[in-house]
2 protein chains.
Amino acid sequence: MERISLAKLSATVELAPGRSPAYETVVNFTHELGTAVTLARWERADCCDSIVESGGIGWVLSGTVLKSVILESGQRRIVDLMMRGDFFSLQRDDPRVFSFEISTDEAVTARIAHRDLISLPVSQPDLYRFVHERTCETISRLENHILVQGRTRSAQKIASYLSLLCTHLSEEEGAAVELPMSRYDIADHVGIAVETVSRAITDLRRRGVVELETPRSLAMRQAQKLHPDLT
Amino acid sequence: MERISLAKLSATVELAPGRSPAYETVVNFTHELGTAVTLARWERADCCDSIVESGGIGWVLSGTVLKSVILESGQRRIVDLMMRGDFFSLQRDDPRVFSFEISTDEAVTARIAHRDLISLPVSQPDLYRFVHERTCETISRLENHILVQGRTRSAQKIASYLSLLCTHLSEEEGAAVELPMSRYDIADHVGIAVETVSRAITDLRRRGVVELETPRSLAMRQAQKLHPDLT
DNA sequence: CGCCAGTTTGACAGCCATCAATGGGGGTGG
DNA sequence: CCACCCCCATTGATGGCTGTCAAACTGGCG
């Protein structure tokens with residue numbers, strides 16, 4: 001982990017390809033916060049549990065962060081997947097022991113401590129409004145994932161999961177995107193076995209719903225409407 | 001649906017049995033908001049989609065509210081279940097068409113419109129802090145449900161689902177609680193078939209994990225630790 | 001009494017978790 | 001440079017679980 005300054009931030013995230021308008025507002029928000037914000041650069045497989053220490057909220061400026069928990073059975077369950085522009089709450093004294101982990105080669109995160117967050121409404125009310133909007137977006141993201149997990153068949157789960165991922169990663173319809181996680185991560189996120197994930201993806205490829213250049217490079221074809229059993 | 005005033009509120013919710021300390025803070029919060037709050041009493045199966053109209057956030061003072069969506073296939077999926085003291089976000093211009101529905105005989109809800117919510121940090125900063133805490137609790141609730149849905153076996157899902165429900169409904173360990181929803185609702189919430197829900201509950205009853213006086217009255221025995229395959 | 005919604009149980013086919021094995025790619029050390 | 005190892009992805013085989021269809025039972029209500 002490496003602390004970075006606001007001044008060095010633009011040099012880092014400017015490189016991020018295909019930034020959407022919504023992401024720019026997050027970068028602007030980060031700059032406007034000034035000294036209240038803490039930035040950090042991480043590398044693959046870094047464990048960033050320390051991010052929770054001072055509470056408040058965090059967000060992702062580049063890369064992908066996984067929020068996970070290890071069950072008594074030893075199984076890892078991924079509760080949330082945060083990508084560029086996504087916010088997440090940092091709850092101290094949470095009896096549930098969550099871990100945060102980087103799943104991309106590199107990631108840049110930002111956060112504000114709880115004490116700075118609660119003083120924000122008086123000092124910068126419009127920034128607080130932005131925080132509230134983003135927190136509601138976090139709720140939407142979790143709700144979407146509940147809908148994905150609620151699908152009965154594994155092919156449906158994977159199809160809707162990948163579809164969500166693609167719309168988040170690229171505005172362009174049908175463009176190839178680089179999956180920010182392994183098959184194992186997908187399995188632990190949707191709650192099915194790795195082998196079933198692999199089989200489901202192979203099945204979708206055969207049916208022409210997705211195309212794979214490499215196992216990590218995926219393009220969605222809008223063929224879902226042609227396959228009513230996937231809805 | 002019936003509008004009720006703040007003055008009549010105490011007569012309604014005071015009757016709610018087994019109120020926990022956390023719930024009292026919600027009632028206090030409701031009173032302190034004054035004119036900004038809108039109260040409503042509903043009856044079973046009422047559709048309260050109109051609650052979203054002015055945005056902002058809502059919360060439950062008594063009864064149970066379901067947030068659901070109808071898929072193209074005609075299936076109903078329950079995304080969230082809000083009980084006494086639970087908050088939920090009311091997002092206008094959400095492309096996803098959610099419905100809100102009462103699953104108990106009666107329910108009382110409260111809400112603040114978006115315009116009142118965004119002016120709250122300047123007028124009553126400590127109330128806004130409370131809103132933020134509750135919004136984070138909403139995130140925790142959804143995360144917990146993702147963990148429930150992530151379980152592989154249906155008996156595990158039902159066991160952890162009912163366990164969560166009981167700890168939320170009663171502080172007393174092992175006390176019988178009245179389930180605020182039907183087997184169909186449970187099925188649509190955890191994403192399995194009704195018959196499987198029924199079979200799983202019967203299975204748990206045979207193994208001594210739960211006890212049922214009536215199909216709706218349930219008591220958890222802390223026997224889960226005796227059954228390692230349920231963790 | 002008949003109807004209806006909710007719950008439960010049975011039978012069965014299809015799907016999925018598990019175990020097992022193979023192949024590919026990137027890294028390290030010889 | 002090559003051998004080796006490890007992680008990841010994929011495919012096969014199989015038993016067990018679950019979705020689906022069907023039917024019976026309950027309690028409430030007109």
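Lettering follows sequence order; numbering is per chain, from 1.
For R44(B) and dC29(D), the CZ to P distance is 11 Å, given to the nearest whole Å. At whole-Å resolution of the value, CG in D203(A) and P in dC16(C) are 10 Å apart. Atom-to-atom, CD1 of I201(A) to P of dC8(D) comes out at 15 Å; the value is rounded to the nearest Å. Atom CZ of R153(B) is separated from atom C1' of dG19(D) by 17 Å (rounded to the nearest Å). In this structure, L212(A) places its CG atom 17 Å from P of dG24(C), rounding to the nearest Å. As a whole-Å value, the separation of R76(B) CZ from dG6(C) C1' is 13 Å. Across the protein-nucleic acid pair, Q156(B) atom CD and dG16(D) atom P stand 17 Å apart, rounded to whole Å. What separates CD1 of I186(B) from C1' of dA5(C) is a distance of 16 Å, to the nearest Å.
Residue R183(B) places its side chain closer to dT7(C) than to any other of dT18(D), dA9(D), dT7(C). Out of dC15(C), dT11(D), dT8(C), the shortest distance to the side chain of S198(A) is found at dT11(D). Closest contact between the side chain of R216(B) and the listed nucleotides dT11(D), dT18(D), dT7(C) involves dT7(C). Listed candidates were dA20(C), dA17(C), dG19(D). Nearest to the side chain of E195(A) is dA20(C).
A donor-acceptor pair is defined here as one N or O able to donate and one able to accept, closer than 3.5 Å; no such pair exists between the side chain of T64(A) and the backbone of T104(A). The backbone N or O of G150(B) sits less than 3.5 Å from a side-chain atom of R77(A), completing a donor-acceptor pair.
Among the heavy atoms of the strands lying under 4.0 Å from S182(B) are primed sugar atoms or P, OP1, OP2 only; no base atom is included. Residue contacts shown for S154(A) are limited to sugar-phosphate atoms, with no base heavy atom under 4.0 Å away. Using a 4.0 Å heavy-atom criterion, one finds that I192(A) contacts the sugar-phosphate atoms exclusively.
Both the sub-6.0 Å distance and the 45° axial angle are satisfied by K67(A) relative to the ring of F98(A).
Between T196(B) and dT18(D) there is no side-chain N or O to OP1 or OP2 distance below 4.0 Å. The phosphate of dT11(D) (OP1 or OP2) has a side-chain N or O of T202(A) nearer than 4.0 angstrom.
A 6.0 Å sphere centred on CD of E172(B) holds no more than 12 heavy atoms belonging to other residues, nucleotides or ligands.
Side-chain atoms of R199(B) and base atoms of dT20(D) include a donor and an acceptor less than 3.5 Å apart.
Here the side chains of T38(A) and R3(A) are in contact, with some heavy-atom distance below 4.5 Å.
With the nearest nucleotide of DNA chain D identified for both G191(B) and Y184(A), Y184(A) has the one nearer the 5' end.
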